[in-house]
Number of protein chains: 2
Amino acid sequence: MNTQTGRRPTILDVAAAAGVSKSLVSLAVRGDPGVRAETRARILDTADRLGYRSNPWARSLVRGRSQSVVVLVDDLRSGYHTDVVHGVEDAAEENGMAVVIGDGRRDRGALRGRLERLMSLGPDGIVIVSGQADSAMIGEFAARLPLVVVGRPVDLPDGAGQVSNDDRMGMRLAVHHLVALGHRRIAHLPGSPRPAAVARRESYERTMAELGLGAHVRVIPTATELVDAVAAGEADAATAVCCANDRIAVDLIGRAVDAGVDVPGRLSVAGYDNLDLAAQVRPAITTVDQPRRAMGALALRQLADMLADGETRREVVTPTLVLRDSTSPLVEDPPIA
Amino acid sequence: MNTQTGRRPTILDVAAAAGVSKSLVSLAVRGDPGVRAETRARILDTADRLGYRSNPWARSLVRGRSQSVVVLVDDLRSGYHTDVVHGVEDAAEENGMAVVIGDGRRDRGALRGRLERLMSLGPDGIVIVSGQADSAMIGEFAARLPLVVVGRPVDLPDGAGQVSNDDRMGMRLAVHHLVALGHRRIAHLPGSPRPAAVARRESYERTMAELGLGAHVRVIPTATELVDAVAAGEADAATAVCCANDRIAVDLIGRAVDAGVDVPGRLSVAGYDNLDLAAQVRPAITTVDQPRRAMGALALRQLADMLADGETRREVVTPTLVLRDSTSPLVEDPPIA
DNA sequence: CTGAAAGCGCTTACAG
DNA sequence: CTGAAAGCGCTTACAG
């Protein structure tokens with residue numbers, strides 16, 4: 001039961017009660033400078049007394065703008081996505097815009113369905129934070145509304161803006177760190193076939209080659225396989241791993257513990273993404289951090305710019321390495337590479 | 001750059017192109033049965049060809065409804081909240097409604113600010129999933145729109161609906177489980193002073209008393225204190241703990257590991273809420289599960305009913321115990337209670 | 001500074 | 001089955 005007595009007051013009711021025209025009420029409530037101070041005060045008072053609230057639909061209808069954007073994420077549960085969303089929200093607040101969050105639930109169909117539903121709210125633009133979204137879908141929605149992608153899809157269609165992290169640089173940081181600790185037999189646990197994961201794997205391979213460690217390149221498909229080799233004490237088993245992302249690193253560490261393989265004692269593990277989880281598990285995971293909130297804020301500002309002048313950009317931000325407890329100096333004598 | 005050439009087509013453009021009146025187009029696109037099949041087909045074809053999409057603002061303005069609801073959560077990162085949101089979304093989909101998610105970021109001010117912003121979208125109703133929201137705030141918004149609270153705030157104002165889990169029953173399940181495993185010195189790690197946490201603590205105390213274990217009731221404020229006592233081998237140290245929620249359980253287990261206290265060997269730990277995290281950590285945590293999606297769905301259906309007939313309900317759902325690895329039978333001889 | 005008027009794009013009776 | 005008209009609540013020129 002809401003206590004609205006009859007219908008909500010409109011601009012007309014306020015005008016009548018304040019003894020002015022409705023146009024003047026409109027100007028006053030929007031803070032237009034062309035209204036005498038005392039008149040404005042009287043009108044605002046009346047509006048307050050009547051409990052007047054501007055009708056958003058009427059406003060949007062006549063302005064052709066809703067002052068809102070949709071931010072669509074792959075998975076709400078992921079701290080990664082949530083941080084980006086917070087960056088978008090903070091920048092939106094500065095722009096006086098509302099942000100509507102949509103959750104793709106890690107499912108392409110759900111992602112699309114959700115966006116379609118949210119389009120019915122009449123947003124002014126779209127931010128997509130998802131590796132799930134294919135470029136056809138992105139292109140289709142970019143044709144309807146200004147759109148910015150946070151991340152790195154295969155081939156971003158023209159007309160879509162972009163904010164991404166430098167995956168190549170990030171993985172280099174991880175590999176360099178492990179090498180600096182004395183490791184040579186550094187394996188890689190790859191992620192999905194998505195672009196970010198592919199870029200990270202390629203960077204791993206390239207960086208190893210650059211460091212003269214090409215012979216030690218091992219892309220190992222499953223954590224089990226890797227852990228088994230280490231547990232069995234195989235001569236060429238890896239002493240360190242860089243994972244495509246933190247989830248994989250967490251899973252790996254779990255399996256290592258189960259198999260009695262000490263991390264980082266016998267196996268140093270580096271992650272990527274700096275999820276909350278990476279700091280929560282034991283040992284806390286050394287990982288690559290993307291400036292997620294900054295990425296979200298950049299995305300929203302780019303969207304605002306697109307709304308103003310239609311300009312599209314591709315922005316790249318630089319990741320950093322976060323040192324924690326899952327990596328340590330090599331203890332055994334490694335065979336010289 | 002979006003490829004809209006000039007302005008978007010309206011119902012009038014479709015009407016002209018199809019050679020009918022605009023009212024007929026309106027009826028046809030909404031699937032009104034009073035339009036001859038072939039006419040409808042022609043109109044729909046034309047609409048498609050022109051890329052016509054109904055303007056949501058105009059529709060909402062004239063209908064006085066937006067077919068959308070806001071669901072406001074305390075913390076998006078929490079799997080608990082996310083599951084409730086998914087329940088709301090699924091039920092909303094059945095009702096042809098869009099759901100707009102707002103994130104309170106575990107901060108009362110942020111929660112309120114976000115809701116206020118999202119009100120500018122003109123939602124038809126509000127679902128609040130938050131212990132943060134005080135009853136004044138709930139009352140205020142419930143006076144503006146139909147509102148349902150998921151959870152259990154102190155004194156829910158009239159006019160707000162409610163869906164909650166039976167915290168009393170849930171904590172009973174946990175305590176009974178530990179007692180069945182042979183534990184007697186069962187401590188409790190309390191949560192915040194929020195209602196759900198208080199109800200759980202009280203249920204712990206009451207259940208212990210019912211089982212004749214009143215003498216063993218120990219509400220211990222910090223995990224450190226508890227772990228220290230166990231590590232020091234104090235004679236009356238707890239052999240089991242039921243925590244007010246999973247976060248506390250995770251923290252406790254982390255500290256226990258750090259202090260060399262084996263879980264569940266020397267200390268059985270039960271959580272509450274069944275967060276994703278509870279299954280991910282080692283040992284996986286025995287916990288109490290709330291039927292979160294069901295709660296979300298109930299909330300939305302109640303909202304839909306309120307929209308239809310203004311009826312408000314208080315619904316209570318029953319939690320269940322999920323057995324995992326953090327609890328085990330008592331090994332030492334316990335002093336008989 | 002202030003008011004009368006048109007119009008945003010739709011839906012809803014109301015006549016035919 | 002179909003069309004002409006009013007109206008949802010606002011904003012925006014346009015006159016005064």
Side-chain angles (χ1 to χ4, degrees), chain A residues 4 6-44 46-47 50-68 96 119-124 144, chain B residues 4 6-44 46-47 50-68 96 98 119-124 144-145:
Chain A
Q4 294 156 219
R7 60 177 187 66
R8 293 175 44 164
T10 75
I11 210 174
L12 230 49
D13 300 311
V14 178
V20 297
S21 79
K22 65 174 185 146
S23 330
L24 197 52
V25 175
S26 174
L27 293 170
V29 297
R30 278 177 297 132
D32 187 292
V35 181
R36 206 189 327 178
E38 54 184 291
T39 314
R40 184 208 326 285
R42 182 158 47 90
I43 293 176
L44 262 33
T46 314
L50 265 45
Y52 169 76
R53 292 173 194 283
S54 165
N55 182 311
W57 305 316
R59 195 186 334 111
S60 294
L61 178 58
V62 62
R63 310 244 309 234
R65 285 274 175 90
S66 62
Q67 297 289 89
S68 70
M119 289 297 277
S120 77
L121 262 36
D124 296 337
R144 290 167 63 180
Chain B
Q4 296 157 216
R7 60 176 188 69
R8 294 175 43 165
T10 75
I11 211 175
L12 231 50
D13 300 311
V14 177
V20 298
S21 79
K22 65 172 185 149
S23 329
L24 197 53
V25 175
S26 174
L27 293 171
V29 298
R30 278 176 298 132
D32 187 293
V35 181
R36 206 189 327 178
E38 54 183 290
T39 314
R40 185 210 324 286
R42 183 157 46 91
I43 294 177
L44 261 33
T46 314
L50 265 47
Y52 168 76
R53 291 173 196 284
S54 164
N55 181 312
W57 305 316
R59 196 185 335 112
S60 295
L61 179 58
V62 63
R63 308 244 309 234
R65 286 273 176 92
S66 62
Q67 297 290 89
S68 69
M119 288 296 278
S120 77
L121 262 37
D124 296 337
R144 290 168 63 181
L145 280 185

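The analysis underlying the following values was restricted to heavy atoms, covering all of them including side chains, and did not include hydrogens, waters or symmetry mates.
Between B/Ala58 and B/Arg36, it is B/Arg36 whose nearest contact on DNA chain D lies nearer the 5' terminus. Take the nearest nucleotide of DNA chain C for B/Trp57 and for B/Leu27: the residue whose nucleotide is more 5' is B/Trp57.
In this structure, B/Ser66 contributes its side chain and B/Gly122 its backbone to a donor-acceptor pair below 3.5 Å.
Taking all atoms of both residues into account, the shortest heavy-atom contact from A/Arg30 to A/Ser26 is NH2-OG, 2.8 Å. B/Gly96 approaches B/Gln67 most closely through the heavy-atom pair O-NE2, 3.8 Å. Taking all atoms of both residues into account, the shortest heavy-atom contact from B/Ile43 to B/Val14 is O-CG1, 4.0 Å.
No hydrogens or angles considered: nothing links the side chains of A/Thr46 and A/Arg42 as a donor-acceptor pair under 3.5 Å.
In this structure, B/Thr10 does not reach the C/dG9 phosphate: none of its side-chain N or O atoms is under 4.0 Å from OP1 or OP2. In this model, the phosphate group of D/dT2 is approached by a side-chain N or O of B/Thr39 to a distance below 4.0 Å at OP1 or OP2. Dashed line: the shortest gap from a side-chain N or O of A/Arg59 to OP1 or OP2 of D/dG9 is not under 4.0 Å. Residue A/Ser26 has a polar side-chain atom (N or O) positioned under 4.0 Å from OP1 or OP2 of D/dT11. At the phosphate of C/dC8, neither OP1 nor OP2 sits under 4.0 Å from any side-chain N or O atom of A/Arg63. OP1 and OP2 of C/dC10 both lie 4.0 Å or more from every side-chain N or O belonging to B/Arg30.
Distance CG (A/Asn55) to P (D/dG7): 18 Å, rounded to an integer number of Å. Atom CZ in A/Arg65 sits roughly 16 Å away from atom P in D/dT11 (whole-Å rounding). Rounded to a whole Å, the CZ atom of B/Arg8 is 9 Å from the P atom of C/dG9. Spacing between atom CG of B/Leu61 and atom P of C/dG7 amounts to 17 Å, rounded to whole angstrom units. The distance between atom CD1 of B/Ile11 and atom P of C/dG7, rounded to the nearest whole Å, is 18 Å. Rounded to whole Å, the distance from CG on B/Leu50 to C1' on C/dG9 is 15 Å. Atom CG in A/Asp32 sits roughly 9 Å away from atom P in D/dT12 (whole-Å rounding). Taking atom CD of residue A/Gln67 and atom P of nucleotide D/dT11, one finds them 12 Å apart after rounding to whole Å.
B/Ser60 comes within contact range of no nucleotide atom at all, as no heavy-atom separation falls under 4.0 Å. Residue B/Arg53 is classed as a sugar-phosphate contact, given heavy-atom separations below 4.0 Å to backbone atoms only.
Searching all strands for a Watson-Crick or G-U wobble partner of C/dA13 with both distances below 3.5 Å returns nothing.
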